[in-house]
Structure formats: structure tokens, C-alpha cells
Amino acid sequence: MFRFPQLASIKAKNYFLPTGKRFASIISDGRGKCDEKFDTSYKVCLDNDKSSVKDVTMENVRGYEFPKVCLRYGREDAIQHALAVGIDESYPNWAHYLDRGNTSFQILPTFLLPVANQILLELSWQSQIMPTERCVHGEIYVKLFQPLKPDGEICFELELVDILDKGKGTNFCYNFHGTDAAGRKIFFIEYQIYEMGVRRYSSPGGQGKSAHHPNIVPLVAPPAGREPDVVLPFTAVPFDPKYFESVKSPPKDMSLFATNYHKQYYAITDKLRPEPRCHGRYYLGAVVQNILKYFGEGDVSRFKSVKTRLSYPVSPGETILTKAWHLASYIDLA
């Protein structure tokens, strides 16, 4: 499901390729022990002045106030993300994504997802709130209240929505409320992690009863009996044989969005995933830019929200076919 606000058009300008590097860092808001900066590939500080996340468990997490996590970013980070999800010179208005000097520079909404994913990964490593094994992406919803600025600071405030017993597994449902440095509301992300084969306590149904939460944004089913208006292909990045070398000792000074940083593309390998899989947040970015390209002339100001269910793994080099239906003010996807 992909929604647009009222459409408008803009013109592309000449661009120049980025030179040099800029490293993104996730920082704290200054509470408690979180007054130091940390590189995104190294560590995210999640302590606050009331308690440490290492003491948080699935039993006491409800109502826990997670510390705010802020990201300082620049145009180089946004360019790296745009390149990673397939934007090049064939893209309408490509200069708005690849030219750091463009006066109408734009940032894809999926730029937010690597940060949200990193925060949840750190939660699973630093606390007992979320298991580290047998977990996969479930559903993701992203809504922008206003376009991201070309550079600056955005803050992620995390809350647990619920832990839902889904019969064959457990859904961990989180919301991220995003603001800028001045506290203005910028975005909202609904992020669900699914634990396969384990049933945990769930409210309001309890153990053994599949539960749903009324505040979770629903998916929209494709229209029955109607052929899609367009089928858009995207081929995921091929597997890099150096992946295993870099994932063991990732550079501590590399941006979370860098195209030569393999975590930009590949999920962590473990017993559940012995072979590399492409990140859902990576190929969701590819789908979003494809839809913007076809229906929105490559203009991110036309984006309002997107909701997706990541129901099957995507392997490196695999081609994804996105079926799209144009329904009134939004695009339905399958």
C-alpha cells in the first residue's frame, strides 16, 4: 500500500558526483550515560537516566520509557542510500537524489529504516526484550508528515505497542515517533519483528490465543479480478564474496548507509539464515523508488506513506516483480 498526497511536478537539474566521505553517527540525547557519540557500525547507546536497557525483559517492558536516539546525517548519507536502492541517471529528477549541491535535494523515506533496524538490533543485543534468533522482519509502515531535510538531526522515540501471540510464532510490534531537533513531528514508523516457532505471552489474548492490536495499520488487499496497472522489476544486488570478511570486523568509521558496507544490503547470517539474504528494508527502498519513478515522476514530495508485509526472503541477485494498482489516491502493491 503506497499513498500519495496531491501531486506536483519539479524539473531536474545537472548534478555532480559526491566526493569524499561523511560518516553518520547515532547519538544520544544527553541523558545519563548517553552523552557520547557512537558510530552507527559500532554501537548505539540506549541507556537513560532512569534505568538501563540491559535490565529490561519481556515481563517488565510494558510501559518502559526507552531513551531517545538521535541521528545526525548529511547529504552524503542520503546519496549513498539512494545509490544502494537503485537510483541512477535514468531516474526522473535523479539530480535531486545524487547531487549534494542541488537546491531541491530530496531524501527517500526509506532512508529512515536502516536507523530503526539498527536500534532494534541493539535492543536485542543489549537487553532481554527481543530474541536474537529465529526472528525475521514482519510488517513495516512508514508515514512522513513532512519531507526530510537534506541534512540535520532526527530523533527516534521508541515505544512497544504489543507482543502478540500469532499461533505459529510471536509478533513484537514497535512504533518509532520521529521528530527534528526542534521537536517538530517528522515521521512515524510501525516496525514488526516476527519470532518463528515460539509462542509468548500476549495481550489481551494470553498464551495460546492469537491476538491482534487495533492500532496496527492494516494491509490493503489487491483488487480482486483486476489485472495490475503495471509490473515493475527490480534485481537485488548480487552477493559479494567479501561479505563474511567484513561482517566479522566492520569498519568503525563507515556510514550505516555506505554502499560498500554490506550490512546496507545483507541480513545477518545465523542458524536460521545460513546463507545471506537481502535486507527487507533494502529491497523495500527499491520498491518505493520504483513506484515513485513510475507514478510520481521521481518526486519524493508526492510520498505520504507505505505499508508492506515481508512474507518471503529475497536472495542476492534475485529479481522482484512489483505488481501495482492505481486506486484513487494510493497505489496498491503485491
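Counting from 1, the numbers follow the sequence of the chain as shown.
- Side chain of W325 to main chain of E227: a donor-acceptor pair is present (N/O by atom type, distance under 3.5 Å, no hydrogens or angles).
- In this structure a side-chain-to-backbone donor-acceptor pair under 3.5 Å is missing from N102 to D99.
- For D299 and Q106, the side-chain atoms include at least one donor-acceptor pair closer than 3.5 Å.
- At distances below 3.5 Å, not a single donor-acceptor pair connects side-chain atoms of Q264 with backbone N or O atoms of Y282.
- S315 approaches R277 most closely through the heavy-atom pair OG-NH1, 3.7 Å.
- Scanning all heavy atoms of the two residues, the minimum distance from L108 to A82 falls at CD1-CA, 4.1 Å.
- Among all heavy-atom pairs drawn from F239 and P276, the shortest one is CE1-CG, 3.2 Å.
- Although no hydrogens or angles enter the test, the distance criterion places no donor-acceptor pair under 3.5 Å between the side chain of D151 and the main chain of R75.
- Heavy atoms only, all atoms of each residue included: V237 and C278 are closest at O-SG, 4.3 Å.
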side-chain contact (heavy atoms from CB on, under 4.5 Å), that's the test. Do I189 and L112 meet it? Break it down for me. CA-CA 9 Å; I189 300 175; L112 300 164; 3.8 Å; yes

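- Under the 4.5 Å side-chain criterion, counting only non-hydrogen atoms from C-beta, P222 is not in contact with K323.
- Among pairs with a residue in residues 282-291, none fulfils salt bridge (Lys or Arg N to Asp or Glu O under 4.0 Å), at least two apart in sequence or across chains.
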Between F188 and F176, is the ring pair (Phe, Tyr, Trp, His ring centres under 6.0 Å) condition met? List the steps. CA-CA 6 Å; F188 170 77; F176 289 95; 9.3 Å; no

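- Checking E190 against N175 by side-chain atom types alone, no donor-acceptor pair falls below 3.5 Å.
- Looking at every heavy atom in both residues, N290 comes nearest to L232 through O-CD1, 3.7 Å.
- Shortest non-hydrogen contact noted between I107 and A78 is CG1-CB, 3.7 Å.
- Seen from the ring of F145, K185 counts as a face-on cation partner, given the 6.0 Å and 45° thresholds.
- Under a cutoff of 6.0 Å and an axis angle of 45°, R302 and F295 do not form a cation-pi pair.
- Taking 4.5 Å as the limit, every side-chain heavy atom of P233 sits out of range of all side-chain heavy atoms of I320.
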Working for side-chain contact (heavy atoms from CB on, under 4.5 Å), residues T322 and F234: CA-CA 8 Å; T322 304; F234 174 80; 6.0 Å; no

For the pair F187 and K143, evaluate side-chain contact (heavy atoms from CB on, under 4.5 Å) and give the outcome as yes or no after the intermediate values. CA-CA 6 Å; F187 62 87; K143 181 177 182 178; over 6 Å; no

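- In this structure a side-chain-to-backbone donor-acceptor pair under 3.5 Å is missing from Y97 to H81.
- Under the salt bridge (Lys or Arg N to Asp or Glu O under 4.0 Å) criterion, the residue pairs touching residues 309-320 are E139-R309, with sequence neighbours excluded.
- At least one donor-acceptor pair under 3.5 Å links the side chain of D180 to the backbone N or O of G183.
- Side-chain contact, N117 with Y191: a donor N or O sits under 3.5 Å from an acceptor N or O.
- Under the 4.5 Å side-chain criterion, counting only non-hydrogen atoms from C-beta, L284 is in contact with I140.
- Put simply, the side chain of I216 reaches to within 4.5 Å of the side chain of L164, judged on heavy atoms.
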Between Y64 and F66, does a ring pair (Phe, Tyr, Trp, His ring centres under 6.0 Å) hold up when you go through it step by step? CA-CA 6 Å; Y64 177 77; F66 290 97; 4.8 Å; yes

Pair L144-K304, side-chain contact (heavy atoms from CB on, under 4.5 Å): steps then yes or no: CA-CA 6 Å; L144 286 186; K304 182 178 181 182; over 6 Å; no

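- With contacts defined as side-chain heavy-atom distances shorter than 4.5 Å, the pair T179/R184 does not qualify.
- With N171 contributing its side chain and C173 its backbone, the two residues share no donor-acceptor pair below 3.5 Å.
- The shortest side-chain heavy-atom distance between Y91 and L292 falls under the 4.5 Å cut-off.
- The side-chain heavy atoms of L148 and F111, taken from C-beta on, include a pair separated by under 4.5 Å.
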